[in-house]
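Everything below concerns the one structure shown next.
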Amino acid sequence: MKQITIALLAFFWIILAVDCFFIMNDAQQYRVYTKTLLVPLLLVAVLVQTNTTSHKRSKLYLALALTCSFAGDLFLLGGDQTTWFMSGLSFFLIAHIFYIAFFFQIRPFTAKSIWLFSVGAVAITAYIIFLLASIWAKLKPDFAIAVTFYSIFIGGMMLAALHTAAGHRIKKAAYFYFIPGAVLFIISDSLLALDKFSGAFAHADILIMITYGSAQFLLCTGGMKVIKSK
């Protein structure tokens with residue numbers, strides 16, 4: 001099982017590199033074969049590596065987060081049309097809800113971690129307000145509410161990931177996988193928001209994909225390690 005998982009994860013990085021190559025060469029038509037393959041590779045790796053786990057709920061939440069991310073990728077490939085973008089945003093919002101459920105499943109909330117929760121909530125809220133203020137003037141009315149709700153939920157995902165650091169058993173996974181993965185997810189979505197609503201900038205698509213792919217990889221790798229060890 002371990003060899004299969006290693007092969008799947010290695011193939012993930014190869015496909016991500018190929019996807020970036022297509023972006024650089026403006027071969028968007030081929031990305032339906034590369035971008036949409038990334039998350040399924042991680043999903044299969046999770047299912048294979050955690051095949052014998054007795055903690056099925058944690059595995060289910062992680063699998064559902066990846067499934068919704070895959071659906072989000074499909075819709076976002078549809079282009080900049082409002083329907084496609086809003087559908088993709090909705091699926092990623094649901095994915096973050098499942099990531100939040102996963103994090104609280106492996107590390108339930110306790111009063112001992114209230115200080116970490118409070119500090120994290122203030123910092124994350126401040127960043128979300130700053131980001132929304134940066135793009136608000138150029139947000140179309142039909143996007144404003146959706147983007148605000150999405151920002152709240154990805155902020156919640158970041159906060160839930162930060163909360164896992166309070167668990168002694170999973171602290172290593174929190175510091176090396178969950179928190180970096182959540183940060184990269186926020187960076188990717190921030191770049192996407194700035195590129196879409198504040199004007200395109202150089203190499204935006206590549207930076208978005210690298211940070212997004214790395215985020216999903218870290219979250220899934222950390223998830224596999226925690227689920228397998230339980």
Side-chain angles (χ1 to χ4, degrees), residues 4-48 62-96 98-99 131 135 138-140 142-143 146-147 150-151 153-154 157 180-221 223-224:
I4 296 174
T5 303
I6 292 174
L8 288 168
L9 296 180
F11 193 43
F12 169 88
W13 287 108
I14 293 172
I15 296 299
L16 180 59
V18 174
D19 189 64
C20 290
F21 174 81
F22 288 153
I23 294 173
M24 292 175 60
N25 290 274
D26 198 25
Q28 295 292 330
Q29 69 274 22
Y30 298 117
R31 297 192 65 214
V32 68
Y33 306 108
T34 52
K35 185 179 180 182
T36 57
L37 186 58
L38 292 171
V39 171
L41 284 171
L42 294 177
L43 177 57
V44 174
V46 168
L47 297 177
V48 170
L62 184 57
L64 288 173
L66 289 170
T67 301
C68 291
S69 296
F70 170 66
D73 283 337
L74 284 176
F75 279 104
L76 290 182
L77 275 174
D80 292 330
Q81 294 181 3
T82 300
T83 302
W84 290 105
F85 181 80
M86 295 292 280
S87 297
L89 199 69
S90 298
F91 274 108
F92 273 111
L93 186 152
I94 298 171
H96 291 312
F98 283 122
Y99 270 129
L131 178 63
I135 64 175
K138 296 185 179 180
L139 272 177
K140 297 178 181 178
D142 51 350
F143 284 146
V147 171
Y150 180 81
S151 300
F153 279 97
I154 194 173
M157 187 272 288
V183 169
L184 284 171
F185 221 130
I186 287 182
I187 292 174
S188 178
D189 283 346
S190 298
L191 293 173
L192 177 62
L194 292 171
D195 181 59
K196 183 174 180 61
F197 301 115
S198 293
F201 57 91
H203 309 301
D205 288 344
I206 292 179
L207 292 174
I208 291 167
M209 275 310 302
I210 291 175
T211 50
Y212 169 69
S214 300
Q216 293 282 27
F217 177 85
L218 288 172
L219 292 175
C220 290
T221 303
M224 286 188 287

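- Residue Leu194 holds its CG atom at 6.0 Å from CG of Leu131, rounded to the nearest 0.5 Å.
- Contact check for His96 versus Tyr150: side-chain heavy atoms found under the 4.5 Å cut-off.
- Aromatic ring pairs are classed by plane angle as parallel below 30°, tilted from 30° to 60° and perpendicular above 60°; the pair Phe92 and Phe185 is perpendicular.
- Of all heavy-atom pairs between Ala95 and Ala65, the closest is CB-O, 3.4 Å.
- Residue pairs meeting the salt bridge (Lys or Arg N to Asp or Glu O under 4.0 Å) criterion with at least one member in residues 18-28, sequence neighbours excluded, are Asp19-Arg31.
- Aromatic pair Phe197/Phe143: centroids less than 6.0 angstrom apart.
- Using a 4.5 Å cut-off on side-chain heavy atoms (C-beta onward), Tyr212 and Leu192 make no contact.
- Considering all non-hydrogen atoms of both residues, Cys220 and Leu62 come closest at O-CD2, 4.4 Å.
- Nearest heavy-atom pair across Cys20 and Ile210 is SG-CG1, 3.9 Å.
- In this structure, Pro40 and Phe12 have side chains that are not in contact, with every pair of non-hydrogen atoms separated by 4.5 Å or more.
- The closest donor-acceptor contact from the side chain of Ser188 to the backbone of Leu184 lies at 3.5 Å or more, if one exists at all.
- Take Phe11 and apply the ring-ring contact (aromatic ring centres under 6.0 Å, His included) test, not counting sequence neighbours, and it matches no residue.
- A heavy-atom distance below 4.5 Å is not found between the side chains of Gln216 and Leu38.
- Residues Leu16 and Trp13 have side chains in contact (heavy-atom distance under 4.5 Å, counting atoms from C-beta outward).
- Judged as a side-chain contact (heavy atoms from CB on, under 4.5 Å), and not counting sequence neighbours, the contacts of Leu47 are Leu43, Lys59.
- For the pair Leu76/Phe85, a side-chain contact is recorded, criterion being any heavy-atom separation below 4.5 Å from C-beta on.
- Of the inter-residue distances, the one linking Leu89 atom CG with Phe75 atom CZ reads 12.5 Å to the nearest 0.5 angstrom.
- Between Cys68 atom SG and Asp73 atom CG the span is 11.5 Å, to the nearest 0.5 Å.
- With Tyr99 as the partner, the side chain to side chain contact (heavy atoms under 4.5 Å, CB included) test is satisfied by one option alone out of Ile154, Leu66, Leu64: Leu66.
- Atom CG in Leu77 sits 8.0 Å away from atom CD in Gln28 (nearest 0.5 Å).
- With Ser198 contributing its side chain and Asp195 its backbone, the two residues share no donor-acceptor pair below 3.5 Å.
- Side chains of Tyr33 and Leu37 form no contact here, defined as non-hydrogen atoms less than 4.5 Å apart.
- Between the CE atom in Met157 and the CG atom in Leu219 there is a gap of 6.0 Å [rounded to 0.5 Å].
- Between the CE atom in Met224 and the CG atom in Leu42 there is a gap of 7.0 Å [rounded to 0.5 Å].
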